[in-house]
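To start, the structure under review is shown below, and the notes come after it.
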Amino acid sequence: MIEADGVSKRYGDLVAVDDVSFKAEAGEVVGFLGPNGAGKTTTMRILTGFLPATDGTARIDGHDIFEDPLAARRAVGYLPETPPLYPEMDVAGYLKYVAKLKDVPRARRGEAVDRALERCGLADVHRRVIGSLSKGFRQRVGLAQAIVHEPSVLILDEPTVGLDPIQIREIRQLIADLASPPDGAPRHTVVLSTHILPEVEAICRRVIMIHAGKKVLDEPIEELTGDGRRLEDVFTRLTLGVDDVPEAGAASPEVSA
Ligand SMILES: Nc1ncnc2c1ncn2[C@@H]1O[C@H](COP(=O)(O)OP(=O)(O)O)[C@@H](O)[C@H]1O
Ligand SMILES: [Mg+2]
């Protein structure tokens with residue numbers, strides 16, 4: 001479970017994240033939807049302990065990210081925009097290395113790696129060098145490194161960016177299975193970011209729209225589109241509405257970190 005409580009991040013005069021609060025339960029896939037520069041990555045980096053917040057805090061499975069950062073970090077798996085893959089390592093060797101970094105006890109590392117390989121559909125390529133894999137398979141390795149220490153919370157930053165339509169479908173299915181595993185394994189809480197509307201409609205149960213650092217919407221997809229409304233219209237109204245145009249010097253929708 002994730003509970004974010006008034007999280008803010010300032011860079012000088014720029015408020016990149018502005019008082020964002022939300023909750024996400026186990027088994028939920030929550031979509032962070034917003035234009036480039038909205039503050040999605042910054043929020044995710046705060047939740048994963050990579051970046052200190054200016055204000056507010058968050059709890060990951062009840063562990064406060066500032067008061068109990070080690071426990072919080074252990075409970076979270078993170079797929080950054082650019083996963084830290086080592087192209088010259090083989091898949092299994094790399095996952096073993098990540099498991100060690102994440103404090104998985106030596107005796108359990110082999111088993112942890114096998115499980116991550118299995119869940120991410122990587123068993124057949126476990127001896128392949130990462131640099132020789134297709135982008136879709138490298139993204140699977142990125143997901144595998146996020147889950148190898150069996151965190152209950154997964155934070156995925158634009159997990160399908162740059163993939164072809166078949167790879168996108170596979171990765172989306174994989175994410176859905178991580179939230180609600182078909183084999184009855186523990187369910188993850190998943191937060192993923194995207195600027196692609198159909199992505200949210202395809203895999204998320206709830207959408208949190210972020211615009212100019214602020215949470216402007218937090219609703220189940222069903223309710224948003226229930227009475228024939230289109231998510232696209234809601235998105236356009238909230239992100240391009242006259243009342244919502246950022247002031248000069250504020251986050252520009254075109255700028256991405
Ligand atoms: N290290 C940084 N220093 C200054 N500004 C930053 C930094 N990182 C991000 N920003 C700014 O914060 C805002 C939010 O960025 P980001 O969280 O990357 O948005 P998103 O992931 O939604 O595209 C943008 O205006 C971006 O330029
Ligand atoms: Mg981003």
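Start at 1 and go down the list; that is how both ligands and their atoms are numbered. Note that this is a predicted model, so its numbers are computed, not measured.
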Are Thr160 and Glu199 close enough that a side-chain donor and a side-chain acceptor fall under 3.5 Å? yes

Under 4.5 Å between side-chain heavy atoms, hopping through other hydrophobics if needed: is there a path connecting Leu156 to Val153? no

Show the atoms of ligand 1 that are less than 4.0 angstrom away from any heavy atom in Pro35. 22 (O)

Against ligand 1, does Gly34 come closer than 4.0 Å with any heavy atom? no

Worked verdict on Leu85 versus Arg138 for side chain to side chain contact (heavy atoms under 4.5 Å, CB included): CA-CA 8 Å; Leu85 301 180; Arg138 283 205 300 274; 4.0 Å; yes

Under a 4.0 Å heavy-atom limit, does Thr43 contact ligand 1 with its side chain, its backbone, both, or neither? neither

Please determine whether a side-chain nitrogen of the Lys or Arg among Arg128 and Asp90 lies less than 4.0 Å from a carboxylate oxygen of the Asp or Glu. no

Does Thr42 reach ligand 1 with a nitrogen or oxygen that is under 3.5 Å from one of the ligand's nitrogen or oxygen atoms? yes

Using a 4.0 Å cut-off to any heavy atom of Asn36, which atoms of ligand 1 qualify? 23 (O)

Say you draw a straight line from OG1 of Thr41 to CG of Leu51; how long is it, rounded to the nearest 0.5 Å? 10.5 Å

Checking only N/O/S atoms, does Ser193 have one that is under 2.8 Å from the Mg ion (ligand 2)? no

Atom indices of ligand 1, in the order listed, that fall short of 4.0 Å to a heavy atom of Thr41: 17 (O), 18 (O), 20 (P), 21 (O)

Are any of the side-chain nitrogens in Arg115 or Glu150 under 4.0 Å away from the carboxylate oxygens of its partner? yes

Is the closest N or O pair between Leu14 and ligand 1 shorter than 3.5 Å? no

Under 4.0 Å from ligand 1, counting heavy atoms only, is it the side chain of Ser193, its backbone, both or neither? neither

Face-on cation placement of Lys135 at Phe137 ring, 6.0 Å and 45° thresholds: no

Using distance alone, determine whether Ala16 and ligand 1 share an N or O pair under 3.5 Å. no

Is the closest heavy-atom distance from Gly213 to ligand 1 below 4.0 Å? no

Should Lys40 be counted as touching ligand 1, given the test is an N or O pair under 3.5 Å? yes

Does Arg187 pair with Glu28 as a salt bridge, N-O distance under 4.0 Å? no

